[in-house]
Structures are given as C-alpha cells and as structure tokens.
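Note sheet for the following structure.
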Amino acid sequence: MLADVVWPSLFLGDSLLTWWIILAGLVVEFFFILWLTSGTPVRAALMAVTVNIVSAAIGIVGIPLSGLLWELLATITILPLFEWGTFNPVTWFVSCLLAAMLNTVVEVGSLRLIFKVRWTKRLFWWLALANMITVGMAMATIMMRPPKM
C-alpha cells in the first residue's frame, strides 16, 4: 500500500483482492445466486464469476473512495465529538458496510443488465448478506494481522 494518507477502506480494499477472499466470495455467492435465481449450477457459476469481475473492477476505486467520503463526513461530524482518529471501530464498521453495499449494488445491477435477472428486494438483501460475509472475512484478516503504519 503506497499512500501518504491512509484510511480503513484502503486496507479493506486490498484485503478483498487477496486470492483466498476472492475464492471464498465466489463460493459463497455461487450458492446464494444458485438459490436466488433457481438456475443451473453452471449458469450460477457464470453469474457469480461475471458479477464479481465487474464488482472488483468498480470496487478497486469505489471502495477506497466510499471510505474517503465517509472520512470527510465523519471528520466534520462525529469524530470531533468523541475525539477519535481515523482508525476507530465506527469507521471500520462503516467501511465494511459501504464495501458490502457497493458490491451488492454493482452485482445486482450486473445480474439485471447482463443476465436479465429481475431485481427484487429479496435478491438485493440476500446478496447483501453474501457480500457482508465476504467483507467480514476480509475484515477478520485485517484484524488478525493489523497493518503496520
């Protein structure tokens, strides 16, 4: 990670791009997509791989950017109230939530546009859960081996 300024979403974005998190995310989302779309296993696998490629491409910039926008908002609102710095439990939680929601919006949109899957609240929220599982695994790896700053 090369940056003069860092915030939690930078670390989270990097962790989400490790090979085993990607593989675990594909497996988790494969089962959710298979169940939610009632498609064949081959089609569900194709959907999972495709939406995750699109999500990763957008997430490389989108996840750090969403975290930076949170930091800007938090710096003028809640951080001064509690005298917190950038790396605090609320910011880590919000970074995870924003990453999962960004991935979910992109993936549901990709399913709709590429595979013509109908958007439903059920599809959105179950995929949000699948993304929270994946983001949670990435977060756990960060907490087990915190970055050295």
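Hydrogens, waters and symmetry mates are skipped; everything else that's a heavy atom, side chains included, is used.
The CE atom of Met144 sits 9.0 Å away from atom OG of Ser15, with the distance rounded to the nearest 0.5 Å. Taken from CG in Leu97 to CG in Leu102, the straight-line distance is 11.0 Å, to the nearest 0.5 Å. Summarising the geometry, atom OG1 belonging to Thr91 is positioned 7.5 Å from atom CH2 belonging to Trp84; distances are rounded to the nearest 0.5 Å. Atom-to-atom distance recorded for Leu111:CG and Arg118:CZ is 13.5 Å, nearest 0.5 angstrom. Taking CD1 from Ile63 and CD1 from Ile58, the interatomic distance works out to 10.5 Å, rounded to the nearest 0.5 Å.
No side-chain heavy atom of Val90 sits under 4.5 Å from any side-chain heavy atom of Leu79. Between Glu107 and Val54 the shortest side-chain heavy-atom distance does not fall below 4.5 Å. Annotation: side chain of Leu98 is not in contact with side chain of Ser9 (no heavy-atom distance under 4.5 Å). In this structure, the side chains of Leu123 and Thr120 come closer than 4.5 Å at one or more pairs of heavy atoms. Using a 4.5 Å heavy-atom threshold, the side chains of Ile142 and Trp92 count as touching. Contact of the Phe11 side chain with the Met139 side chain is not registered, since no non-hydrogen atoms from C-beta on lie closer than 4.5 Å.
Without hydrogens or angle criteria, Thr77 side chain to Leu73 main chain gives a donor-acceptor distance under 3.5 Å. Between the Asn103 side chain and the Ala100 main chain, no donor and acceptor come within less than 3.5 Å of each other. Ser110 places a side-chain N or O within 3.5 Å of a backbone atom of Val106 that can act as its donor or acceptor partner.
By the rule that hydrophobic residues join a cluster once side-chain heavy atoms approach within less than 4.5 Å of another member, Val135 and Val61 end up as members of separate clusters. No continuous path of ILVMFWY side-chain contacts below 4.5 Å connects Leu17 to Met143, so the two sit in separate hydrophobic clusters. The hydrophobic cluster containing Ile133 also contains Trp20, counting ILVMFWY residues as joined when their side-chain heavy atoms lie under 4.5 angstrom apart, directly or transitively. By the criterion of side-chain heavy atoms lying less than 4.5 angstrom apart, applied directly or through intervening Ile, Leu, Val, Met, Phe, Trp or Tyr residues, Leu127 is not grouped with Leu26; the two fall into different hydrophobic clusters. In the hydrophobic clustering of ILVMFWY residues, with side-chain heavy atoms under 4.5 Å counting as a link, Val27 and Ile22 come out apart.
Ile21 meets the side-chain contact (heavy atoms from CB on, under 4.5 Å) test with Leu16, Thr18, Thr134, Met137, Ala138, Thr141; sequence neighbours excluded.
The minimum heavy-atom distance between Gly59 and Pro64, with the atom names listed, is O-CD, 3.5 Å.
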Show me the donor-acceptor pairs, under 3.5 Å and distance only, between side chains in residues 30-53 and residues at least two apart or in other chains.
unit_1 : atom_1 : unit_2 : atom_2 : d
Thr37  : OG1    : Ile33  : O      : 2.7
Thr37  : OG1    : Gly39  : N      : 3.4
Thr40  : OG1    : Arg43  : N      : 3.1
Arg43  : NH2    : Phe115 : O      : 3.2
Thr50  : OG1    : Leu46  : O      : 2.7
Asn52  : ND2    : Glu29  : OE1    : 2.9
Asn52  : ND2    : Ala48  : O      : 2.7

